[in-house]
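Reading through the structure tokens given below for one structure.
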Amino acid sequence: MTTATAGADLRARQDKGRQAAQNREKWAQVRTYISAAVILVWCLAPAYWMVVTAFREVGFTYDTTPWPTHVTMDNFITAFDTSFGNKFGQALLNSIFIGVTVTVISLVIGVFAAYALARLNFRFKYLVLGFILGASMFPGVALITPLFQLFTNIGWMGTYQALIIPNISFVLPLTVYTLTSFFREMPWELEESARVDGCTQGQAFRRVIMPLAAPAIFTTAILAFISSWNEFLIASQLSNEATKPVTVAIASFAGAQPNQIPYTAIMAAGTIVTIPLVILVLVFQRKIVAGLTAGAVK
Amino acid sequence: MATELGPTPVKQPASGGTDLHHAPKGVGEDNRILSQGKWASWLLAPTIIALGIVIVYPIISAIVMSFQKDAGLDPVTGLFTEGGPAGIQNYVNWLGQQCAAQGGGTVACPPGTLGGQFWTATGTTFLFTVVTVAFETVLGFWMAMIMARTFKGRGLVRAAVLVPWAIPTAVTAQLWLFMFDFNGIINKLFNVSILWTGSEWPAKWAVIIADTWKTTPFMALLILAGLQMIPAEVYEAAKVDGATAWQRFRLITLPLVKPALMVAILFRTLDALRMFDLPYILTGGANNTTTLSILVINQIRQGFNSAAALSTITFIIIFLVAFIFVRFLGANVVEQSGASGKGKK
């Protein structure tokens with residue numbers, strides 16, 4: 001009988017202990033969800049506000065109703081309207097052209113360097129890696145002055161090549177070190193296995209290495225394109241009305257009244273510029289995060 | 001007999017095999033390092049040449065330019081003067097905030113001119129850098145700690161933090177300019193009436209807040225990647241040993257995440273020191289929000305050579321900060337991104 005009560009007592013105490021632990025666990029979970037909600041609001045609220053404003057009638061620019069009201073598509077039409085001197089459509093094409101060209105050039109050049117850095121042993125490897133990393137951290141202003149003078153002298157101001165070449169200075173290093181860390185993680189033994197199984201070197205490369213490297217190259221291409229797409233400093237100085245990219249166009253968006261900033265149209269333009277990137281980033285989220293953080297850890 | 005014979009024939013070819021396998025491989029490796037070096041230089045050549053053209057050439061040419069006088073109208077005579085070697089005069093002018101004076105000498109630049117803004121711009125740049133990086137580190141660390149936990153919707157949070165990162169800075173600047181408008185959502189939300197871009201400290205805070213919003217995700221993701229490298233068993237063992245949550249954070253998380261954290265802070269610091277887009281669009285550099293980069297850009301059209309001197313000074317400042325980080329604070333970028341097998345500091 002005493003043993004029975006002692007057993008019940010013990011069980012009750014255990015239950016209490018378990019319940020306390022469960023409560024603590026539950027609280028930790030609740031705190032996690034509250035924190036997660038705070039992060040979501042902090043990251044998304046400004047972007048949400050941009051989209052809501054983009055769909056709002058001009059007369060209600062400063063309306064602060066938190067949900068979409070006075071919904072209209074007019075701002076998107078205004079954004080492309082050229083009558084106030086904005087060339088947003090042209091700027092979009094310019095950005096796409098510059099971004100694609102810079103990405104392709106950087107990838108074609110960078111893929112060889114990344115292969116060497118990831119796969120080969122040679123002297124000065126760390127020196128080269130350090131140089132490339134240093135180059136990616138390089139301040140744009142240190143390049144702009146001599147380039148400004150050079151391009152003025154040779155009549156390249158406002159040309160596409162004057163915008164593409166400086167972009168390579170920061171997109172290429174980014175490409176090389178992102179690809180290097182991707183390549184380092186790849187199962188290269190498979191190449192040798194394929195050779196053992198009778199593939200030629202070319203076949204091994206085409207059938208085994210290419211399919212494995214394709215996602216890495218694709219992710220790097222997205223990162224390269226985004227960084228070129230977002231460039232502002234160099235473009236703001238070296239482009240002209242006809243060649244300026246979207247970032248410059250959005251920064252100097254003119255409205256019907258000279259003293260009034262056409263915020264709804266700017267938000268519409270911003271939405272157009274941002275949405276494709278956000279979709280791309282969300283779809284390839286895992287790969288992008290891996291590529292972004294590739295240089296920093298491992 | 002069978003037991004004795006058994007292992008011997010098996011062992012013999014095996015050891016012979018490894019010997020045979022090892023000897024040529026060792027020899028081959030020597031050859032391969034030589035040929036690998038040759039291969040590597042061919043593969044690296046395009047990148048090195050390209051970076052030489054787009055980075056090394058402009059740096060050298062900027063340094064050469066910075067020792068030249070700017071051609072222009074003489075302020076005294078009103079005549080066009082040719083350039084020519086200037087020695088370190090351009091640097092002296094910036095650092096001493098001196099401007100060309102009547103009669104050929106130099107005087108302290110009058111307030112409002114570009115020449116008189118060097119030290120305030122340097123101060124502003126460092127203020128922005130220190131404050132934004134501090135905010136981003138604390139906020140980013142907190143975000144990373146949350147994202148490292150397991151909960152439903154973790155993928156959603158991880159995707160959401162990429163949104164501010166993906167929005168171009170020029171758009172971010174316009175978006176925050178709109179939100180910081182006198183009639184905008186921020187004044188309405190916090191029930192204040194601040195003219196954000198109208199005076200010094202609100203303008204500075206506007207830049208700091210917008211930059212923190214835009215760049216914290218990058219920091220958080222880098223720190224998260226570092227956190228995920230810490231094996232869960234370490235925490236389990238510490239828990240069994242009775243370590244409190246704070247002890248686990250201080251004694252396990254912090255030291256183990258430190259290499260990744262230092263690299264993240266280094267990246268962000270160097271990026272913040274060259275800050276341009278955000279203050280340029282958000283405040284136009286007004287109310288003492290002119291950073292060194294903005295000052296260079298404003299100077300370009302008033303004289304290349306003087307601008308080149310300023311951009312070289314900016315470059316040296318950034319280089320020194322990077323050097324201090326790598327040398328004294330142990331941010332080992334190359335090793336971090338270098339050989340994965342190599343030991344970490």
Side-chain angles (χ1 to χ4, degrees), chain A residues 32 35-36 39-40 43-44 46-47 49-50 62 64 109-110 112-113 115-116 120-122 126 128-130 133 135 137-139 141-143 145-149 165 168-169 172 176-177 181 184 230 232-233 247 250-251 263 266 270 273-274 277-278 281-282 285 289 292-293 295-298, chain B residues 33 36-37 39-40 43-44 46-47 50-51 54-55 58-59 61-62 65 143 146 149 151 157 159-164 166-171 174-175 178 183 185 188 221-222 225-226 229 260 263-264 270 274 276-277 281 293 296 300 304 307-308 311 314-315 318 333-334 336-338 340:
Chain A
T32 305
S35 310
I39 297 175
L40 277 181
C43 290
L44 297 181
W49 198 241
M50 173 171 78
Y62 296 106
T64 46
I109 298 177
F112 297 112
Y115 179 87
L120 303 178
N121 276 317
F122 54 91
Y126 287 95
V128 174
L129 210 57
L133 261 169
M137 285 289 111
F138 201 75
V141 277
L143 306 178
T145 322
L147 291 180
F148 196 98
Q149 196 194 28
I165 290 169
I168 290 174
S169 72
L172 179 58
V176 172
Y177 84 72
S181 23
R184 201 170 269 143
N230 293 356
F232 175 75
L233 189 150
T247 48
I250 284 179
Y263 280 122
I266 294 176
V273 170
T274 306
L277 293 196
V278 169
V281 163
L282 295 189
Q285 188 218 127
V289 170
L292 260 184
T293 54
V297 286
K298 300 280 155 50
Chain B
I33 283 180
Q36 277 189 356
W39 250 111
L43 293 172
L44 287 167
T47 298
L51 291 181
V54 296
I55 292 183
I59 299 176
S61 116
M65 282 165 73
M143 285 186 182
I146 303 294
R149 292 183 195 160
F151 59 98
V157 176
V161 297
L162 281 170
V163 170
I167 298 180
T169 313
V171 176
Q174 288 281 25
L175 171 59
F178 171 57
N183 298 312
I185 182 87
K188 206 59 83 54
L221 290 172
L222 285 186
M229 306 274 290
V263 171
L270 300 189
R274 57 184 177 180
F276 174 75
D277 313 17
I281 300 170
S293 291
V296 174
I300 281 185
F304 292 139
S311 73
T314 308
F315 170 53
I318 293 179
V333 187
V334 173
Q336 278 291 299
S337 62
S340 20

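Residue numbers start from 1 in every chain, and the chains themselves are labelled A, B, ... in the order their sequence lines are given, proteins ahead of strands. Excluded from the calculations below are hydrogen atoms, water molecules and symmetry mates; all remaining heavy atoms, backbone and side chain alike, are included.
Of all the heavy atoms in A:Y263 and B:Q174, the pair that sits closest is CE2-O, 4.3 Å. Across every non-hydrogen atom of B:A62 and A:A142, the tightest pair is CB-O, 4.1 Å. B:R274 and A:P139 make their closest contact through CD-CA, 3.8 Å (heavy atoms, listed as atom of the first residue, atom of the second, distance). Minimum heavy-atom separation, B:I146 to A:T32: CG2-O, 4.2 Å. The shortest heavy-atom contact between A:A116 and B:A40 is CB-CA, 4.1 Å. Taking every heavy atom of both residues into account, A:A251 and B:I281 meet most closely at CB-CD1, 3.6 Å.
By number of non-hydrogen pairs under 4.5 angstrom with chain A, the leading residue of B:A159, B:A170, B:S61 is B:A159. Ranking A:L282, A:I165, A:L172 against chain B, the residue ahead of the rest is A:L172, based on heavy-atom pairs under 4.5 Å. Among A:I39, A:I168, A:I266, A:I250, the residue with the largest count of heavy-atom pairs under 4.5 Å with chain B is A:I39. For the set B:I55, B:L221, B:L270, the count of heavy-atom pairs under 4.5 angstrom toward chain A peaks at B:I55. Most heavy-atom pairs under 4.5 Å with chain B: of the set A:V176, A:L143, A:V273, A:V278, this distinction falls to A:L143. With respect to chain A, the highest number of heavy-atom pairs below 4.5 Å among B:V163, B:N183, B:V161, B:T169 belongs to B:N183.
Contacts between B:M65 and chain A at a heavy-atom distance below 4.5 Å involve the side chain alone, from C-beta outward. Heavy atoms of B:I185 lying under 4.5 Å from chain A belong to its backbone as well as its side chain. In this structure, chain B has heavy atoms under 4.5 Å from both the backbone and the side chain of A:V281.
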Begin from the C-alpha positions of B:S293 and A:V141 and carry the test side-chain contact (heavy atoms from CB on, under 4.5 Å) through to its verdict. CA-CA 6 Å; B:S293 291; A:V141 277; 3.6 Å; yes
Begin with the C-alpha distance, continue with both residues' side-chain angles, and end with the deciding distance and a verdict on side-chain contact (heavy atoms from CB on, under 4.5 Å) for A:V128 and B:T47. CA-CA 10 Å; A:V128 174; B:T47 298; over 6 Å; no
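A:L147 is listed as a side-chain neighbour of B:P58, based on a closest heavy-atom distance under 4.5 Å.
To the nearest 0.5 angstrom, B:L51 atom CG is 8.5 Å from A:I109 atom CD1. Here the straight-line distance linking atom CG of B:D277 with atom CG of A:N230 works out to 9.0 Å at 0.5 Å rounding. We find the CG-CH2 distance between A:L120 and B:W39 to be 8.5 Å, quoted to the nearest 0.5 Å. We find the CE-SG distance between B:M143 and A:C43 to be 4.5 Å, quoted to the nearest 0.5 Å. To the nearest 0.5 Å, atoms CD1 (B:I167) and CG (A:L277) are separated by 9.0 Å.
Around CZ of A:F112, the count of heavy atoms belonging to other residues, nucleotides or ligands within 6.0 Å does not exceed 12.
B:F178 and A:W49 have parallel rings, their planes meeting at less than 30° on a 0 to 90° scale where 60° marks the start of perpendicular.
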